[in-house]
**Student:** 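Please read through the structure below; I'll follow up with questions.
Note that ligands are numbered from 1 as they come in the structure, with each ligand's atoms numbered from 1 the same way. Sequential numbering from 1 along the given sequence is applied to the chain's residues. Source: prediction; values computed, not measured.
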Amino acid sequence: MKRIVLFLAVAVASIAVEAKTLVVYYSYTNNVHRIVAELTKQIEADVVRIEPAEKGLDYAANNYAIGSAQISAIRSNPDDASSYPEIDAVDVNPADYDCIIIGAPLWWSNMAAPLQTFLFHNGAAMAGKKIGLIVSSASSGIREVEGDAKRLIPDGVFLTPSLWIRSSQTSNAASMISEWLKAINYSEISGIEDMSPDQNPAKYTIFSVEGRFIGRDMLSLQNLERGLYLVNGKKVYLNN
Ligand SMILES: Cc1cc2nc3c(=O)[nH]c(=O)nc-3n(C[C@H](O)[C@H](O)[C@H](O)COP(=O)(O)O)c2cc1C
């Protein structure tokens, strides 16, 4: 019995999980920027900040007139690329990630226009990816922002619930984020908890990345060579 337990501990320690997360966000007054800074203290992720191509716009002037005009243009013609404000080029390939977390300010009930531009051009490439949504607003509810995300990423696998952080709650973001990560089972998505030795090893089913059945429990790892495998559908790299 002791030998089996020892072997399981070695097998568990030898797995490194491959899941990768991208955080993509826009922020005008830096609330979402601060939220993302807290988020990336809690998870490993690559981070991309969207920037409008036109610099120095005052979105708050004249009762938020510029943002209002941009949102109206998208609402009137959501399928036309020219409805979306131009943004700086972004060097990121969504295909490289398993999970994509979107950090969005709310503008006039919708997702901030520059972030919509990014998703208009990249949302189709996020098909099948796990999508998390964090929204910051002064007070308005986030249902329409969720609607925008679903329209722009039609085949995303949305994690529920979304996280809504009001501007006034930005300084509490750390605890709200950690609760949210638990609520969406983020540790399972990233694959880390699955490898815990206190779980029943018999629950694991192992395939080669080409889909060849290899074994139904952790003990099968004993016979595996170094390389990539699928354990319960997740890619893992065996280092031993
Ligand atoms: C153009 C514009 C429109 C906005 N419209 C709303 C709104 O309809 N409801 C609301 O609660 N907050 C609204 N806000 C406030 C932002 O959602 C809020 O300040 C948010 O925290 C901004 O995030 P940021 O600092 O990352 O840009 C608006 C802000 C801007 C710039």
Side-chain angles (χ1 to χ4, degrees), residues 21-43 45-78 80-88 90 92 100-123 131-153 158-159 161-181 183-184:
T21 295
L22 172 70
V23 178
V24 56
Y25 75 103
Y26 168 69
S27 189
Y28 175 52
T29 49
N30 278 333
N31 288 332
V32 174
H33 177 73
R34 283 196 282 273
I35 289 165
V36 167
E38 287 298 339
L39 174 65
T40 52
K41 285 183 196 161
Q42 299 185 32
I43 64 167
D46 292 343
V47 178
V48 164
R49 181 174 186 160
I50 301 302
E51 296 288 358
E54 197 172 350
K55 308 299 176 199
L57 291 181
D58 183 353
Y59 293 103
N62 303 321
N63 195 23
Y64 302 97
I66 296 173
S68 171
Q70 292 184 348
I71 292 296
S72 313
I74 295 171
R75 280 186 193 157
S76 339
N77 220 341
D80 186 342
S82 69
S83 306
Y84 295 80
E86 289 196 15
I87 57 172
D88 288 348
V90 180
V92 69
I100 298 169
I101 298 178
I102 295 162
L106 175 148
W107 284 7
W108 300 110
S109 299
N110 288 99
M111 182 184 292
L115 192 56
Q116 292 206 46
T117 305
F118 174 79
L119 294 180
F120 181 80
H121 295 292
N122 293 276
I131 309 291
L133 182 62
I134 301 179
V135 183
S136 172
S137 77
S139 59
S140 302
I142 67 169
R143 203 166 42 82
E144 290 184 51
V145 182
E146 290 180 312
D148 291 327
K150 287 180 181 155
R151 169 175 56 80
L152 294 162
I153 315 171
F158 280 84
L159 301 168
S162 306
L163 175 59
W164 174 21
I165 301 180
R166 293 175 184 81
S167 324
S168 59
Q169 296 172 309
T170 308
S171 51
N172 300 331
S175 59
M176 295 177 80
I177 289 166
S178 77
E179 287 306 310
W180 179 66
L181 291 171
I184 61 169

**Student:** How far is atom 18 (C) of ligand 1 from its nearest protein heavy atom, and which residue and atom is that?
**Tutor:**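 For atom 18 (C) of ligand 1, the nearest protein heavy atom comes out as S167 OG, 3.6 Å.
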
**Student:** Could you find the nearest protein heavy atom to atom 13 (C) of ligand 1 and give me its residue, atom name and distance?
**Tutor:**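 Minimum-distance protein heavy atom for atom 13 (C) of ligand 1 reads L106 O, 3.5 Å.
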
**Student:** Tell me whether the rings of Y28 and W107 are parallel (<30°), tilted (30 to 60°) or perpendicular (>60°).
**Tutor:**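 Y28 vs W107 ring planes: perpendicular.
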
**Student:** Just which atoms of ligand 1 are under 4.0 Å from any heavy atom in S139?
**Tutor:**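 Every atom of ligand 1 under 4.0 Å from some heavy atom of S139: 10 (C), 11 (O).
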
**Student:** Using a 4.0 Å cut-off to any heavy atom of Y64, which atoms of ligand 1 qualify?
**Tutor:**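 Atoms satisfying the 4.0 Å criterion: 1 (C), 2 (C), 29 (C), 30 (C), 31 (C).
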
**Student:** Is the closest basic N to carboxylate O distance between R143 and E146 below 4.0 Å?
**Tutor:**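 Salt bridge between R143 and E146, a charged N being under 4.0 Å from a carboxylate O: no.
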
**Student:** Assess the residue pair H121 and V90 against the criterion (side-chain contact (heavy atoms from CB on, under 4.5 Å)); give the C-alpha distance rounded to whole Å, side-chain angles, the decisive distance to 0.1 Å, and a yes or no.
**Tutor:** CA-CA 11 Å; H121 295 292; V90 180; over 6 Å; no

**Student:** Can you find an N or O of G67 that's nearer than 3.5 Å to an N or O of ligand 1?
**Tutor:**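 No, no N or O pair falls under 3.5 Å.
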
**Student:** What residue and atom, counting heavy atoms only, is the protein's closest point to atom 24 (P) of ligand 1, and at what distance?
**Tutor:**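 Scanning the protein heavy atoms, the shortest distance from atom 24 (P) of ligand 1 goes to T29 OG1, 3.4 Å.
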
**Student:** Are any of the side-chain heavy atoms of V24 and N122 separated by less than 4.5 Å?
**Tutor:**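 The answer is no, as the side chains (C-beta and beyond) never meet within the 4.5 Å cut-off.
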
**Student:** CD of Q42: more than 12 outside heavy atoms within 6.0 angstrom?
**Tutor:**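 Correct, the count exceeds 12.
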
**Student:** Counting from 1, what ligand 1 atoms have a heavy atom of S27 closer than 4.0 Å?
**Tutor:**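 Atoms satisfying the 4.0 Å criterion: 24 (P), 25 (O), 26 (O), 27 (O).
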
**Student:** Is R75 paired with D148 through a side-chain N to carboxylate O contact shorter than 4.0 Å?
**Tutor:**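 So D148 does not pair with R75 through a salt bridge.
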
**Student:** Counting only heavy atoms, which portion of I71 has something under 4.0 Å from ligand 1: side chain, backbone, both, or neither?
**Tutor:**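 For I71, no heavy atom sits under 4.0 Å from ligand 1.
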
**Student:** Could you check whether any side-chain heavy atom of R49 comes within less than 4.5 Å of a side-chain heavy atom of V36, counting everything from C-beta outward?
**Tutor:**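 No; the side chains remain at least 4.5 Å from each other.
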
**Student:** Can you check whether S68 has an N/O within less than 3.5 Å of an N/O in ligand 1?
**Tutor:**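 No.
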
**Student:** Start with the C-alpha distance between L181 and I43, add both sets of side-chain angles, then the distance that settles side-chain contact (heavy atoms from CB on, under 4.5 Å), and finish with yes or no.
**Tutor:** CA-CA 9 Å; L181 291 171; I43 64 167; 3.7 Å; yes

**Student:** Could you check atom 10 (C) of ligand 1 against the protein and tell me its nearest heavy-atom contact, residue, atom and distance included?
**Tutor:**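 Checking every protein heavy atom, the shortest distance to atom 10 (C) of ligand 1 gives S140 OG, 3.4 Å.
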
**Student:** Note the single closest protein heavy atom to atom 21 (O) of ligand 1, along with its residue, its atom name and the distance in Å.
**Tutor:**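 I find the closest protein heavy atom is S136 OG, 2.6 Å.
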
**Student:** May I ask you to identify the nearest protein heavy atom to atom 29 (C) of ligand 1, giving residue, atom name and distance to one decimal place in Å?
**Tutor:**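 Of the protein heavy atoms, W107 CD1, 3.7 Å lies nearest.
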
**Student:** Testing the basics here: between P85 and T117, what is the closest heavy-atom pair and its distance to 0.1 Å?
**Tutor:**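 That closest heavy-atom pairing would be O-OG1, 2.7 Å.
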
**Student:** Can you confirm whether more than 12 heavy atoms, excluding those of E51, are under 6.0 Å from its CD atom?
**Tutor:**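 Counting neighbours around CD of E51, more than 12 heavy atoms of other residues, nucleotides or ligands fall under 6.0 Å, so yes.
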
**Student:** Write out the residue and atom name of the closest protein heavy atom to atom 23 (O) of ligand 1, then the distance separating them to 0.1 Å.
**Tutor:**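 Heavy-atom neighbour on the protein nearest atom 23 (O) of ligand 1: P105 CB, 3.5 Å.
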
**Student:** V32 and A104: which non-hydrogen atoms are nearest, and at how many Å?
**Tutor:**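 The pair with the smallest heavy-atom distance is CG2-C, 3.9 Å.
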
**Student:** Is there at least one pair of N or O atoms, one from Y28 and one from ligand 1, spaced under 3.5 Å apart?
**Tutor:**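 It does: an N or O of Y28 is found under 3.5 Å from an N or O of ligand 1.
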
**Student:** Distance to 0.1 Å, residue and atom name: give those for the protein heavy atom nearest to atom 5 (N) of ligand 1.
**Tutor:**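 Atom 5 (N) of ligand 1 sits closest to the protein heavy atom W108 N, 3.0 Å.
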
**Student:** Considering the heavy atoms of S109, write down every atom of ligand 1 situated less than 4.0 Å from one of them.
**Tutor:**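 Counting atoms of ligand 1 from 1, those under 4.0 Å from S109 are 8 (O).
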
**Student:** Can you find an N/O atom of A138 closer than 3.5 Å to an N/O atom of ligand 1?
**Tutor:**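 Yes, there is a polar N/O contact under 3.5 Å.
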
